[in-house]
Amino acid sequence: MADGGSARLVLLGPPGSGKGTQAALLSEGLGVPAISTGDMLREAVAEGSELGHRVESVMAAGELVGDELMAELVRERLAKEDAAEGFLLDGYPRTASQVKTLDEILEAGSVSLDHVLFVDAPADVLVERVLARRRADDTEKVIRERLRIYSEKTQPLVESYRSRGLLRDIPGNQTIAEVAASIDAVLSGQTQVGATS
Ligand code: AMP
């Protein structure tokens, strides 16, 4: 495991890939905050804040909250002191526009991403896992919509980050401990970075 406090990471992957679980584990190990935009939005909905009211129906339908609103949310969150030395982004960016926004935020702070960890698993495994952990927004119709939106809007980011040399492929169809070990290998430089899969 890398030393605490300086990793700037994005966790990318479809719903059910296990990236949220890994984000929580990594956050503890690296000593940087795990920033899950989905959790932030769910909290806003639970609190009944103005933001919550604005995003509630979009989330319930499994659709994406608008890029501008997300930009505001992420910009504010990354400006907090606990993210100054590093962070793990889970669930952001999800669109090409969000990639651009993140680039701008990082550039403004003269910092850059270290790795984009792409946790993936076969489609049948994803559906099975998402069904097993059902949340309030996880009706079967909504799950299908979330997977469809992932393929359409988010999957293309994989190749975009790969072409920038930032993408690290992490097989998600393993136990939680095995996925964590694959990530540790990347972070400690044991895995050849840039190797194509
Ligand atoms: P998640 O927990 O990451 O699956 O996010 C749950 C829901 O929050 C998504 O289905 C979206 O409605 C919304 N959401 C989370 N992150 C984003 C984002 N980066 N862009 C747009 N919507 C998001």
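Just so you know, residue 1 is the first one in the sequence shown, and it goes up from there. First listed ligand is number 1; within each ligand, the first listed atom is number 1.
- Residue-to-ligand polar distances place Arg146 within reach of ligand 1: an N/O pair is separated by less than 3.5 Å.
- A continuous path of hydrophobic side-chain contacts links Leu41 to Leu69 [ILVMFWY only; heavy atoms under 4.5 Å].
- Residue contacts with ligand 1, taken as heavy atom pairs separated by less than 4.0 Å, involve Leu64 via backbone and side-chain atoms alike.
- Note that CG of Leu117 is 11.5 Å distant from NZ of Lys19, once rounded to the nearest 0.5 Å.
- The backbone N or O of Gly172 lies less than 3.5 Å from no partner atom in the side chain of Ser17, so there is not a single donor-acceptor pair.
- Ligand 1 has an N or O atom lying under 3.5 Å from an N or O atom of Thr37, backbone or side chain.
- Within the structure, the closest approach of Met40 to ligand 1 does not fall below 4.0 Å when heavy atoms are considered.
- At a 3.5 angstrom cut-off on N or O pairs, Gly62 does not count as close to ligand 1.
- Between Lys153, Gln98, Glu63, Arg42, it is Arg42 that holds the heavy atom closest to atom 2 (O) of ligand 1.
- For the residues Met59, Met70, Arg94, the heavy atom positioned nearest atom 9 (C) of ligand 1 is part of Arg94.
- The distance from the OG atom of Ser188 to the CD1 atom of Ile183 is 11.5 Å, given to the nearest 0.5 Å.
- Heavy atoms from other residues, nucleotides or ligands lying under 6.0 Å from CD of Glu63 number more than 12.
- Panel note: side chain Asp67, backbone Gln98; no donor-acceptor pair is recorded below 3.5 Å.
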